[in-house]
Amino acid sequence: MKNLVVLIFILLTTGSFAQQPFVLVDDDIPGITSINTRFFDNDGLWGYINGGADLYLEYGFEQLTVFDIKAGGIDYKADLYKMVSPEAAFGIYSISRFKCKESAILTAEDCLTPYQYIAAQGEVYISVSNSTGSAEAQQTTIEIARKLLAQIESHAVAKPDVFSHELLAPHTSGLKYITGQLGMQNGFVPWEPLFQESKNYKAWILPVKQDGNVFNLALVDFSDSTQLNTFLQKNGLKATNGKNQAVGNKVFTLFIKGNNSLVLADGIIPDSLLNFLESF
């Protein structure tokens, strides 16, 4: 009987830890007067963000922890989305980032606006928002995020080497990781028609503005050769490595790589980059 009680205790406490991966208490931030903690699984996510749940599920969602916080008369909310991989967490972050006031404040992948701080660290996408946008609220927002990020194990996201070229490196803060139709619709609308009929792909997309020249560069990994060929056929593209192709009112350049991968550029890319992509 004693062993049975011990086993039940272990199971219960193990389950408890699985349900409560993050902790935030009143003493963590000066001025906090109340904290309410909520948890959501796949089914519960629908009730929390309604139609927005599909996007997280597409990337690979596991669990959400929500902290409702009041401090100094200001309301704050911290959402921590546990995803299936660092790439999935980065993907959500990459398509949520917009007009940052500051970046790289607490971690390499973060973005602050007056009303919100977002970041990707390890397998977690975190959003901390405030109700006023004041300087005080922004500072407290950062401090809440700091406490929570300290609880998240950091795993670096392996970004493709193709974006390490000296011409591209200054722009990589805008790199997006997209794995499906909803991600494309929310993260890179101009290319949504290209991928309407595509499934089982992973796309790294980088918008570049260089000396008045604007182009988009992507590395796309398809699950198999059938998916790759279907993408080319549906969009009227040909496997002519490095040759400009006019499709509608756009000009594309593509390179077929091994393992059903495709390097795709939209717009006119500099010759130095073209040579690099050919040898990549």
Side-chain angles (χ1 to χ4, degrees), residues 21-22 24 28-29 35 37-40 45 48-69 71 74-157 159 171-179 182-189 204-207:
F22 308 108
L24 192 65
D28 281 339
I29 308 293
I35 299 174
T37 308
R38 296 177 284 163
F39 305 98
F40 301 90
L45 190 62
Y48 182 63
I49 55 175
N50 201 359
D54 279 337
L55 178 63
Y56 291 86
L57 295 171
E58 180 178 83
Y59 272 94
F61 167 81
E62 290 190 343
Q63 186 179 21
L64 168 63
T65 305
V66 177
F67 294 99
D68 301 301
I69 307 155
I74 299 173
D75 292 323
Y76 301 85
K77 185 162 68 70
D79 296 338
L80 295 99
Y81 293 85
K82 172 68 168 59
M83 307 298 290
V84 295
S85 67
E87 287 76 18
F90 174 81
I92 292 292
Y93 164 76
S94 73
I95 66 171
S96 302
R97 177 181 49 210
F98 182 69
K99 292 186 177 180
C100 304
K101 176 185 174 185
E102 297 179 61
S103 295
I105 304 164
L106 301 177
T107 184
E109 308 294 351
D110 69 7
C111 170
L112 176 68
T113 68
Y115 289 90
Q116 186 182 34
Y117 170 90
I118 63 173
Q121 182 163 296
E123 297 174 340
V124 178
Y125 165 68
I126 175 174
S127 166
V128 184
S129 58
N130 68 78
S131 60
T132 69
S134 67
E136 175 191 355
Q138 290 176 55
Q139 187 57 44
T140 301
T141 295
I142 292 172
E143 291 307 313
I144 292 171
R146 190 192 308 275
K147 291 292 183 180
L148 293 170
L149 285 169
Q151 302 174 43
I152 303 170
E153 188 174 355
S154 180
H155 300 283
V157 175
K159 299 175 183 177
H171 305 276
T172 52
S173 62
L175 184 64
K176 299 176 184 294
Y177 178 69
I178 296 173
T179 61
L182 293 175
M184 195 67 72
Q185 289 173 354
N186 285 271
F188 207 67
V189 176
W204 296 86
I205 306 175
L206 181 65

Query raised in the report: Quick one: does Q121's side chain have a donor or acceptor within less than 3.5 Å of a partner on I152's backbone?
Result: yes
Requested in this report: May I have the step-by-step check of side chain to side chain contact (heavy atoms under 4.5 Å, CB included) for F61 and L55, ending in yes or no?
Outcome: CA-CA 9 Å; F61 167 81; L55 178 63; over 6 Å; no
Requested in this report: Keeping the roles fixed (side chain from Y76, backbone from D68), state whether a donor-acceptor pair exists under 3.5 Å.
Outcome: no
Report summary line: In short, K99 meets T113 closest at the heavy-atom pair O-CG2, 3.7 Å
Requested in this report: Show your reasoning for whether side chain to side chain contact (heavy atoms under 4.5 Å, CB included) applies to L64 and Y56.
Outcome: CA-CA 10 Å; L64 168 63; Y56 291 86; over 6 Å; no
Query raised in the report: Is any side-chain heavy atom of I49 closer than 4.5 Å to a side-chain heavy atom of F40?
Result: no
Query raised in the report: Looking at CG of L24 and CD1 of I29, how far apart are the two atoms once the value is rounded to the nearest 0.5 Å?
Result: 6.5 Å
Query raised in the report: Can you name the closest pair of heavy atoms from S94 and Y177 and give their distance?
Result: OG-N, 3.1 Å
Query raised in the report: Can you pull the side-chain hydrogen bond (donor to acceptor under 3.5 Å, both in side chains) pairs that have at least one residue in residues 144-157, sequence neighbours excluded?
Result: E143-R146
**Report entry** Minimum side-chain heavy-atom gap I74-T140 below 4.5 Å
**Finding:** no
Query raised in the report: Distance-only, no hydrogens or angles: does the D110 side chain make a donor-acceptor pair with backbone N or O of I105 under 3.5 Å?
Result: yes
Query raised in the report: Do any pairs count as a disulfide (SG to SG under 2.5 Å) and have a residue in residues 97-131, sequence neighbours left out, and if so which ones?
Result: C100-C111
Requested in this report: Return the minimal non-hydrogen interatomic distance between A78 and I144, and the atom names on each side.
Outcome: CB-CG2, 4.3 Å
**Report entry** N/O donor-acceptor pair under 3.5 Å between R97 side chain and S173 backbone
**Finding:** yes
Requested in this report: Give, for atom NZ of K77 and atom OG1 of T141, the distance between the pair rounded to the nearest 0.5 Å.
Outcome: 11.5 Å
Query raised in the report: Going through the distances and angles, do F67 and L148 end up as a side chain to side chain contact (heavy atoms under 4.5 Å, CB included)?
Result: CA-CA 10 Å; F67 294 99; L148 293 170; 3.7 Å; yes
Query raised in the report: So, for A88 and Y59, which heavy atoms are closest and what is the spacing to 0.1 Å?
Result: CB-O, 3.5 Å
Query raised in the report: Measuring from I95:CD1 to F90:CZ, what's the distance to the nearest 0.5 Å?
Result: 11.0 Å
Query raised in the report: Could you state the interatomic distance from OG1 (T179) to CH2 (W204), rounded to the nearest 0.5 Å?
Result: 10.5 Å
Query raised in the report: Do Q116 and S127 have side-chain heavy atoms sitting under 4.5 Å apart?
Result: yes
Query raised in the report: Is there a side-chain contact between K82 and E123, using heavy atoms and a 4.5 Å cut-off?
Result: yes
Query raised in the report: With sequence neighbours left out, which residue pairs that include part of residues 118-141 fulfil the ring-ring contact (aromatic ring centres under 6.0 Å, His included) condition?
Result: Y81-Y125
Query raised in the report: Does the side chain of V157 come within less than 4.5 Å of Y93's, by heavy atoms?
Result: no
Query - For G133 against N130, the heavy-atom pair lying closest together - result: N-OD1, 2.6 Å
Query raised in the report: Out of curiosity, Q63 CD to F22 CZ, how far, rounded to the nearest 0.5 Å?
Result: 8.0 Å
Query raised in the report: Could you give the distance from OG1 (T65) to CD1 (I126), rounded to the nearest 0.5 Å?
Result: 10.0 Å
Requested in this report: Start with the C-alpha distance between L175 and K159, add both sets of side-chain angles, then the distance that settles side chain to side chain contact (heavy atoms under 4.5 Å, CB included), and finish with yes or no.
Outcome: CA-CA 9 Å; L175 184 64; K159 299 175 183 177; 3.9 Å; yes
Query raised in the report: Between I142 and L106, which heavy-atom pair has the shortest distance, and what is it?
Result: O-CD1, 3.6 Å
